[in-house]
Participant: 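Here's a structure for you.
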Amino acid sequence: MERCLHVDMARKYFPPDFFHPLLERLADHGFTAIQLHFSENEGFRLESLRYPQILSTRFITRTELGEIIDHASDLGINVIPALDMPGHLAQVLSAFPHLRLADTEEGRRALDYSLPQARQLMVDLIDEFAPLFPGPSWHLGADEFIDFSRAAHTYPQLATYARKVAGTDHVADGFTAFINEMIEHLAGHGKTDIRVWNDGFYRSDAPHSLALHPAATVCYWTGWDRHMAPVSTFLERGHRIINATDRFYYVLPGPNSSYSVHPDPERITEIFHPGLFSDHAGRAQDYCPPPPELAGIYVCIWCDDPEAETPEQVLSGIDPLLAAVAATS
């Protein structure tokens, strides 16, 4: 079973000398993957030769990325790129404002995938970065996009797009069609392990009829909203599942953060096992033994306030959590 550390390197710049000792610690704790979340609303941190205008001031160069991947390979660690879409794209869309969903707080973070140029931009980014990562894995994000319950009224172009590609007026069907299209495109790059977060699919407040691509692996991180689908929905549909529970969120918290306290490693060793997912609408999702579709677990670093800790503090702080998760999985 995979053990993966997700690193939010988009909001916070982590220099190369952060990653190399981190990889050694991951190997020591039996982790087999690291996920590099390099694009966010607040930053884009991998060197783009095709679209340099989207880059943050500080970023990881292609040479530095190659050295990180080579080191990871030597340690038996898979490096997974995470390019979130169609939400969490404010940094990229600041260079392409005509491809935003709307000129609102929500819309400036979101891609108007009903536009052919917008879909092409995502294809271009995939085409640029996929060859840099030799492994089969890729994370498409697909989380925290829009309020689906009011989407047809707020974004009528997305309902029109759904009619075009799915034959329904349901915005959720157009959203799923877009993600499925990107999954198919990634397959052309040899990416056979495509991952998405869970919260945007099979929601009870979003009518839908189109199924998520059967090859998609669902990283289940939260079920706080009762309209989100429970783990059972994805299992019934045959998806591989990764337990990305927010119990393991190591957050550099911003104002009013729900994750202001780091996870307690001792508590994790007492209560956690791989089949214990985040609760759904306050109810436990506890599978013991874990379902056969369970492919791995994630520990996630999120940098809501990038200045809250130095890279050295993050490296030191995450180590006991990695050890605790390794001990329970």
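Below, all heavy atoms of this structure are taken into account, side chains as well, without hydrogens, waters or symmetry copies.
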Participant: Do you see a donor-acceptor pair shorter than 3.5 Å between the side chains of Ser204 and Arg226?
Facilitator: no
Participant: Quick one: does NZ or CZ of Arg237 land under 6.0 Å from the six-membered ring centre of Tyr202, within 45 degrees of the ring axis?
Facilitator: yes
Participant: Looking at side-chain heavy atoms only, is the closest gap between Val7 and Gln35 below 4.5 Å?
Facilitator: no
Participant: Are side-chain heavy atoms of Ser232 and Glu236 found at a separation under 4.5 Å?
Facilitator: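 In contact.
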Participant: Does Glu42 form a salt bridge (Lys or Arg N to Asp or Glu O under 4.0 Å) with Arg11? I'd like the steps, not just the answer.
Facilitator: CA-CA 5 Å; Glu42 297 82 4; Arg11 291 185 178 92; 3.1 Å; yes
Participant: In this structure, would Tyr250 and Val299 fall into the same cluster of hydrophobic residues linked by side-chain contacts under 4.5 Å?
Facilitator: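 Tyr250 and Val299: one cluster.
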Participant: Under 4.5 Å between any side-chain heavy atoms of His239 and Leu212, yes or no?
Facilitator: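 Answer yes - side chains close enough.
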Participant: Establish whether Val251 and Trp224 are linked, either directly or via other cluster members, by ILVMFWY side-chain heavy-atom contacts under 4.5 Å.
Facilitator: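 Val251 and Trp224: separate clusters.
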Participant: Quick one: which residue pairs count as a salt bridge (charged side-chain N to carboxylate O under 4.0 Å, His left out) with a foot in residues 249-262, not counting sequence neighbours?
Facilitator: none
Participant: Less than 4.5 Å apart, any side-chain heavy atom of Tyr249 and any of His6?
Facilitator: no
Participant: May I ask you to decide if the ring planes of Trp221 and Trp197 are parallel, tilted or perpendicular, using 30° and 60° as cut-offs?
Facilitator: perpendicular
Participant: Can you name the residues that form a side chain to side chain donor-acceptor pair (under 3.5 Å) with Gln120, not counting sequence neighbours?
Facilitator: Asp124
Participant: Asp319 versus His29: any side-chain heavy-atom pair under 4.5 Å?
Facilitator: yes
Participant: Assess the side chains of Asn243 and Thr245: does a donor N or O sit below 3.5 Å from an acceptor N or O?
Facilitator: no
Participant: Mind telling me whether His37 and Trp302 have parallel, tilted or perpendicular rings, with 30° and 60° as the class edges?
Facilitator: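 Ring orientation of Trp302 relative to His37: perpendicular.
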Participant: According to a hydrophobic-cluster definition based on side-chain heavy atoms being under 4.5 Å apart (Ile, Leu, Val, Met, Phe, Trp, Tyr only), do Leu89 and Phe38 belong together?
Facilitator: yes
Participant: Do we see a donor-acceptor contact under 3.5 Å between the side chains of His71 and Glu24?
Facilitator: yes
Participant: Donor-acceptor pair, distance only, cut-off 3.5 Å: does the side chain of Thr176 make one with the backbone of Asp173?
Facilitator: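 Such a contact is absent between Thr176 side chain and Asp173 backbone.
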Participant: Mind checking side chain to side chain donor-acceptor pair (under 3.5 Å) for Gln157 and listing every partner two or more places apart, or none if nothing turns up?
Facilitator: Asp112
Participant: If you group Ile, Leu, Val, Met, Phe, Trp and Tyr by side-chain heavy-atom gaps below 4.5 Å, do Tyr259 and Met9 land in one group?
Facilitator: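 No, separate clusters.
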Participant: Tell me which donor-acceptor pairs under 3.5 Å the side chains of residues 72-86 have, and how far apart each pair is, sequence neighbours excluded?
Facilitator:
unit_1: Asn78; atom_1: ND2; unit_2: Ser137; atom_2: OG; d: 3.1
unit_1: Asp84; atom_1: OD1; unit_2: Ala142; atom_2: N; d: 3.1

Participant: A side-chain contact here means heavy atoms from C-beta on lying under 4.5 Å apart; do Tyr287 and Pro274 qualify?
Facilitator: no
Participant: Under a 4.5 Å cut-off applied to non-hydrogen side-chain atoms, are Leu99 and Gln117 in contact?
Facilitator: yes
Participant: Any ion pair linking Glu128 and Arg50 (charged N to carboxylate O, less than 4.0 Å)?
Facilitator: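 Salt bridge between Arg50 and Glu128, a charged N being under 4.0 Å from a carboxylate O: no.
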Participant: Could you state whether Ile242 and Ile179 fall into the same hydrophobic cluster, counting links through intermediate Ile, Leu, Val, Met, Phe, Trp or Tyr residues with side-chain heavy atoms under 4.5 angstrom apart?
Facilitator: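 In one cluster with Ile242: Ile179, no.
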Participant: If you draw a 6.0 Å radius around CD in Glu270, do more than 12 non-hydrogen atoms from other residues or ligands fall strictly inside?
Facilitator: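 Buried by this count: over 12 neighbours within 6.0 Å.
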Participant: Between His208 and His170, does any side-chain donor sit less than 3.5 Å from a side-chain acceptor?
Facilitator: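 Per modelled atom types, His208 and His170 side chains form no pair under 3.5 Å.
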Participant: If the threshold is 4.0 Å, N to carboxylate O, is there a salt bridge linking Asp193 and Lys191?
Facilitator: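 Judged by the 4.0 Å cut-off on N to carboxylate O distance, Asp193 and Lys191 do not form a salt bridge.
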Participant: Is any NZ, NE, NH1 or NH2 atom of the basic residue among Glu47 and Arg58 found under 4.0 Å from an Asp or Glu carboxylate oxygen of the other?
Facilitator: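 Arg58 and Glu47: not salt-bridged.
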Participant: Under 3.5 Å, which donor-acceptor pairs do the side chains of residues 279-286 form with other protein atoms, sequence neighbours left out?
Facilitator:
unit_1: Asp279; atom_1: OD1; unit_2: Arg247; atom_2: NH2; d: 3.4
unit_1: His280; atom_1: NE2; unit_2: Met228; atom_2: O; d: 2.5
unit_1: Gln285; atom_1: OE1; unit_2: Val231; atom_2: N; d: 2.8
unit_1: Gln285; atom_1: NE2; unit_2: Tyr220; atom_2: OH; d: 3.4
unit_1: Gln285; atom_1: NE2; unit_2: Ser278; atom_2: O; d: 2.7
unit_1: Asp286; atom_1: OD1; unit_2: His273; atom_2: NE2; d: 2.6

Participant: Return each pair, listed once, that meets ring-ring contact (aromatic ring centres under 6.0 Å, His included) where at least one residue sits in residues 79-126; pairs must be two or more places apart or across chains.
Facilitator: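 Non-adjacent pairs meeting ring-ring contact (aromatic ring centres under 6.0 Å, His included): Tyr51-Phe96, Tyr113-Phe145, Tyr113-Tyr161, Tyr113-Phe178.
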Participant: Counting C-beta onward and ignoring hydrogens, is there a side-chain heavy-atom pair between Thr160 and Ser114 closer than 4.5 Å?
Facilitator: no
